[in-house]
Amino acid sequence: MKIIVCVKQVPDTSGKVAVNPDGTLNRASMAAITNPDDLNAVEAALSLKEQTGAEIIVVSMGPPPAEGMLREVMARGVDRAVLVSGREFGGSDTYATSQILAAAINKIGVGPEDIVMCGRQAIDGDTAQVGPQIAEKLGLPQVSYAAEIKKDGDTLTIKRMLEDGYMTIKVKTPCLITCIKELNTPRYMSVNGIFECYAKPYEIFDYNTLKDDPLIDPSTIGLKGSPTNIFKSFTPPQKGVGMMLEGADKATCDKLAGILAAKHMI
């Protein structure tokens, strides 16, 4: 049994956000972290590994420096990692990204007992589209927004979070699950895991590795093959210093009322 987990290195949006002239994020100038929801998917896979002895493989698409992020994930207990990296893949939107990741998962192979896991969404796009699109392109049943996962043989019982409650679904393997933060609390890297992560198998799938897959078509991958067009993207301006009024006397209250009236707020 294998559990394939898709993870993504994303800009740390708590810091400075930079945008390239073509509307894409300037990732090189921003601090990078592992996408938070993807860590919940990794933790879910590790929990299933403890129950079943499954092999866990993490897959990520990104530039060569993403190796550091994958090593950190392996230090949590993941068995091996695959980085999908190539200039031909750069600038891909969710449609093109799912094409490429699905091809990479095909290369690894999905058996009858295997599970593919993804985080609900990435914090740099917030689309929640890549996981379901991968499932569609692999022909796998999918369950999104998983808040609880229980395995019994080849059947998974998943509690799926909805806006106004929960839905319990049973699905047979192979399948794809997208995980939310309410599912678990990701574990930290262990000292032994840090030492061992550099001895674990690590592969790079470039364009030549995947080009024979039917999903890899130059017209549907990369920036030019992405159907999503960004009209405009920019760094929002910083807000100016606010106005502070001190005191509770009538003059202060009248001044506040005058300011609000001038802005048509009252």
Side-chain angles (χ1 to χ4, degrees), residues 1-10 32-62 66-85 94 97-98 100-111 113-124 128-135 137-138 140-151 156 158 171 173-190 193 196-197 200-205:
M1 175 185 174
K2 298 191 300 296
I3 304 175
I4 302 171
V5 186
C6 297
V7 300
K8 184 179 183 183
Q9 188 178 53
V10 296
I33 59 172
T34 307
N35 183 58
D37 283 358
D38 296 347
L39 290 178
N40 294 109
V42 171
E43 178 59 33
L46 290 170
S47 296
L48 286 173
K49 176 184 176 180
E50 291 168 351
Q51 299 171 32
T52 64
E55 178 188 23
I56 304 177
I57 307 162
V58 288
V59 180
S60 183
M61 189 175 86
E67 177 183 350
M69 178 268 296
L70 289 172
R71 295 290 184 188
E72 290 180 2
V73 174
M74 284 194 283
R76 297 171 186 261
V78 168
D79 297 295
R80 60 187 176 106
V82 173
L83 177 63
V84 183
S85 185
T94 60
T97 297
S98 64
I100 298 162
L101 288 174
I105 293 170
N106 272 333
K107 182 74 174 177
I108 296 168
V110 178
E113 297 183 355
D114 295 348
I115 303 169
V116 180
M117 289 186 169
C118 303
R120 173 192 56 169
Q121 62 187 36
I123 60 174
D124 57 352
Q129 294 173 352
V130 171
Q133 287 179 351
I134 291 173
K137 288 162 185 176
L138 292 176
L140 296 176
Q142 59 173 296
V143 182
S144 57
Y145 297 90
E148 185 179 290
I149 302 172
K150 295 180 180 178
K151 189 176 189 302
L156 296 172
I158 301 170
V171 61
T173 59
C175 61
L176 184 144
I177 304 169
T178 68
C179 305
I180 59 176
K181 64 181 180 180
E182 289 81 4
L183 175 59
N184 52 44
T185 300
R187 68 191 67 186
Y188 292 104
M189 296 179 285
S190 66
E196 294 171 359
C197 70
K200 292 181 176 180
Y202 173 81
E203 296 179 80
I204 297 177
F205 288 0

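Model, not experiment: these values are computed from the prediction.
Note that OG1 of Thr52 and CD1 of Ile3 are 5.5 Å apart. Values are rounded to the nearest 0.5 Å. Rounding to the nearest 0.5 Å gives a distance of 10.5 Å between CD of Gln51 and NZ of Lys150. Distance check: Phe205 CZ to Lys107 NZ gives 6.5 Å after rounding to the nearest 0.5 Å. The CE atom of Met117 lies 12.5 Å from the CG atom of Asp38; values are rounded to the nearest 0.5 Å. With rounding to the nearest 0.5 Å, the separation of CG in Leu46 from CG in Leu39 is 10.0 Å. Atom NZ of Lys2 is separated from atom CG of Asp79 by 12.0 Å, given to the nearest 0.5 angstrom.
Remark: side-chain polar atoms of Lys8 are not paired, donor with acceptor, to backbone N or O of Asp124 under 3.5 angstrom. No donor-acceptor pair closer than 3.5 Å links the side chain of Glu113 to the backbone N or O of Thr173. A distance-only check finds no donor-acceptor pair linking the side chain of Asp114 to the backbone of Pro174 [under 3.5 Å]. Looking at Lys200, its side chain does come within 3.5 Å of a backbone N or O of Met74 through a donor-acceptor pair.
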Tabulate below the donor-acceptor pairs under 3.5 Å that side-chain atoms of residues 175-186 make, not counting sequence neighbours, or state none.
from, atom 1, to, atom 2, distance (Å)
Thr178, OG1, Tyr145, N, 3.0
Asn184, OD1, Asn40, ND2, 2.9
Asn184, ND2, Asn40, O, 3.1

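Within the 4.5 Å cutoff, the side chain of Ser144 has no heavy atoms near those of the Gln121 side chain. With a 4.5 Å cut-off on side-chain heavy atoms, Val130 and Cys118 do not count as touching.
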Inset, instruction - Tell me, with the steps shown, if Ile33 and Ile123 meet side-chain contact (heavy atoms from CB on, under 4.5 Å). - result: CA-CA 10 Å; Ile33 59 172; Ile123 60 174; 4.1 Å; yes
Inset, instruction - Would you please test Ser98 and Met61 for side-chain contact (heavy atoms from CB on, under 4.5 Å) and show each step? - result: CA-CA 10 Å; Ser98 64; Met61 189 175 86; over 6 Å; no
Legend entry - Verdict with supporting geometry, Ile115 and Met1, side-chain contact (heavy atoms from CB on, under 4.5 Å): CA-CA 8 Å; Ile115 303 169; Met1 175 185 174; 3.5 Å; yes
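Between Lys49 and Gly77, the shortest heavy-atom contact is NZ-O, 3.0 Å. The nearest pair of heavy atoms linking Cys6 to Ile105 is SG-CD1, 3.9 Å. Contact detail for Ser85 and Gly62: the closest heavy-atom pair is OG-O, 2.8 Å. Of all heavy-atom pairs spanning Leu138 and Ala102, the tightest one is CD2-O, 3.5 Å. Across all non-hydrogen atoms, the minimal contact from Ala104 to Val59 is CB-CG1, 4.3 Å. Val78 approaches Ile56 most closely through the heavy-atom pair CG1-O, 3.5 Å.
For Glu55, the salt bridge (charged side-chain N to carboxylate O under 4.0 Å, His left out) test picks out Arg80, with sequence neighbours left out.
Under 4.0 Å is where a charged nitrogen must lie from a carboxylate oxygen, and between Arg76 and Glu72 no such pair does.
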